[in-house]
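Structure first, then comments.
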Amino acid sequence: MLLYQLVDKFQYEKIPFTLVGGYALALHGIVRATMDVDFVLNLKLEDYQKAETALASLGLQPRIPVRAQDIIQFRKEYIEERNLIAWSFVDFKDPSRQVDILITKNLKDLDVVKISVAGRRIPVASLKELLKMKLESNRPQDQIDILRIKEVLNEKK
């Protein structure tokens, strides 16, 4: 499974990360269809370069021709002028294998919990953090996630 390959590789390479998006929701018990694996890293060139190398070793290439140093150097421009919120990777031989690294967030600013699954302790954005991210993006596809997260948070009270 791609998620486990990524987690194992990032942990082996000592790349700090947290899981966000649909897989993070699933690990919190909110299952929905998703194809890509979404991560947030520290906004540091070294971490982005290590992630780029790790992803390439798993057969994943950037969707658009930008490198780690471009993301770090031109991040603000990419977000504000090109509406690029994620650095996307894909396995062109198997397009179902997709990874997005959100460039709008910095790992050090996120509330993260560890969730055990398949013998791994995976750093995952907390439900409150995921709710905050979904409310900020407020895309139509996030509306159902927002409702589900609120339901789960209310059940835990």
Side-chain angles (χ1 to χ4, degrees), residues 1-58 60-64 66-91 97-118 120-139 141-143 145-146 148-149 152-153:
M1 173 183 234
L2 179 60
L3 173 63
Y4 300 151
Q5 291 175 328
L6 293 164
V7 167
D8 292 346
K9 186 67 171 176
F10 277 36
Q11 289 178 339
Y12 178 80
E13 298 294 339
K14 296 182 177 23
I15 303 166
F17 70 93
T18 195
L19 184 66
V20 296
Y23 279 94
L25 287 172
L27 292 182
H28 281 291
I30 302 172
V31 180
R32 70 157 168 88
T34 189
M35 192 178 322
D36 63 336
V37 180
D38 301 301
F39 290 115
V40 172
L41 307 177
N42 285 313
L43 289 173
K44 295 180 180 178
L45 179 57
E46 178 184 1
D47 289 349
Y48 271 66
Q49 287 173 326
K50 287 168 71 174
E52 182 176 37
T53 300
L55 292 169
S57 76
L58 296 173
L60 296 153
Q61 301 299 318
R63 225 180 253 287
I64 59 175
V66 295
R67 306 276 318 209
Q69 60 267 23
D70 301 323
I71 294 294
I72 296 300
Q73 183 176 356
F74 301 111
R75 180 180 158 270
K76 186 175 178 182
E77 177 185 325
Y78 287 156
I79 294 168
E80 293 175 0
E81 296 179 21
R82 299 182 186 186
N83 200 31
L84 183 71
I85 61 168
W87 188 25
S88 296
F89 289 78
V90 66
D91 179 342
R97 293 169 36 94
Q98 299 178 29
V99 174
D100 283 344
I101 297 174
L102 299 186
I103 66 172
T104 56
K105 298 290 180 189
N106 191 345
L107 176 59
K108 72 178 184 71
D109 299 326
L110 299 183
D111 180 36
V112 177
V113 298
K114 298 261 181 142
I115 296 178
S116 294
V117 61
R120 297 161 178 86
R121 293 209 15 98
I122 301 176
V124 180
S126 71
L127 270 179
K128 287 182 181 179
E129 189 70 50
L130 291 167
L131 177 59
K132 182 176 153 188
M133 292 172 74
K134 296 288 183 180
L135 289 167
E136 285 173 3
S137 67
N138 204 26
R139 301 170 303 173
Q141 63 263 39
D142 292 326
Q143 297 307 309
D145 292 339
I146 290 168
R148 298 285 314 280
I149 294 168
V152 171
L153 287 173

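Model, not experiment: these values are computed from the prediction.
Applying the side chain to side chain donor-acceptor pair (under 3.5 Å) test to Q69 and every residue at least two apart in sequence or in another chain returns nothing. Residues passing the side chain to side chain contact (heavy atoms under 4.5 Å, CB included) test with A68 are L45, Y48, Q49, E52, W87, sequence neighbours excluded. The side chain to side chain contact (heavy atoms under 4.5 Å, CB included) search around R148 returns I30, I144, E151, not counting sequence neighbours. Residues satisfying the side chain to side chain donor-acceptor pair (under 3.5 Å) criterion with Q73, sequence neighbours excluded, are absent altogether. Judged as a side chain to side chain contact (heavy atoms under 4.5 Å, CB included), and not counting sequence neighbours, the contacts of V117 are Y4, L27, I122. Scanning for side chain to side chain donor-acceptor pair (under 3.5 Å) contacts around Q61 gives an empty result, with sequence neighbours left out. With sequence neighbours left out, the side chain to side chain donor-acceptor pair (under 3.5 Å) criterion links T34 to D36. Under the side chain to side chain contact (heavy atoms under 4.5 Å, CB included) criterion, T53 pairs with no residue, sequence neighbours left out.
L41 is not listed as a side-chain neighbour of L107, based on a closest heavy-atom distance of 4.5 Å or more. You'll find the side chain of Y78 reaches within 4.5 Å of the side chain of V66, heavy atoms only. Within the 4.5 Å cutoff, side-chain heavy atoms of L60 are placed close to those of L2. The shortest distance between side-chain heavy atoms of L58 and V99 does not fall below 4.5 Å. The side-chain heavy atoms of D47 and F17, taken from C-beta on, include no pair separated by under 4.5 Å.
Residues in residues 5-23 take part in these salt bridge (charged side-chain N to carboxylate O under 4.0 Å, His left out) pairs, two or more places apart or across chains: D8-R120, K9-E13. The salt bridge (charged side-chain N to carboxylate O under 4.0 Å, His left out) contacts involving residues 76-89 comprise E77-R82, where partners must be two or more places apart or lie in separate chains. The stretch residues 18-30 participates, sequence neighbours left out, in no side-chain hydrogen bond (donor to acceptor under 3.5 Å, both in side chains) pair at all.
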Item to complete: Please test M133 against L102 for side chain to side chain contact (heavy atoms under 4.5 Å, CB included), starting from the C-alpha separation and ending with a verdict.
Response: CA-CA 11 Å; M133 292 172 74; L102 299 186; 3.5 Å; yes
Discussion item. If you apply the rule side chain to side chain contact (heavy atoms under 4.5 Å, CB included), what do you find for I64 with L84, and how did you get there?
Written reply: CA-CA 11 Å; I64 59 175; L84 183 71; 4.2 Å; yes
Item to complete: Show the numbers, then the answer: is there a side chain to side chain contact (heavy atoms under 4.5 Å, CB included) between L55 and I101?
Response: CA-CA 11 Å; L55 292 169; I101 297 174; 4.0 Å; yes
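Under a cut-off of 6.0 angstrom, the local environment of CD in E136 is crowded, with over 12 non-hydrogen atoms contributed by other residues, nucleotides or ligands. In this structure, D109 places its CG atom where more than 12 heavy-atom neighbours from other residues, nucleotides or ligands lie under 6.0 Å away. In the displayed structure, R32 atom CZ is contacted under 6.0 Å by more than 12 heavy atoms of other residues, nucleotides or ligands.
The two residues N42 and N106 make their nearest non-hydrogen contact at CA-OD1, 3.4 Å. The nearest pair of heavy atoms linking V90 to Q98 is CG2-CG, 4.0 Å.
Interatomic distance, D38 CG to L19 CG, rounded to the nearest 0.5 Å: 7.5 Å.
Using a 3.5 Å distance cut-off with no hydrogens or angles, the side chains of Q11 and R121 do not pair a donor with an acceptor.
Under a 4.0 Å N-O distance rule, the pair R139/D142 qualifies as a salt bridge.
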Cut-off 3.5 Å, no hydrogens considered: what does the side-chain donor-acceptor table look like for residues 124-132, sequence neighbours left out?
{"unit_1": "S126", "atom_1": "OG", "unit_2": "D111", "atom_2": "OD2", "d": "2.8"}
{"unit_1": "S126", "atom_1": "OG", "unit_2": "E129", "atom_2": "N", "d": "3.1"}
{"unit_1": "E129", "atom_1": "OE1", "unit_2": "D111", "atom_2": "N", "d": "2.9"}

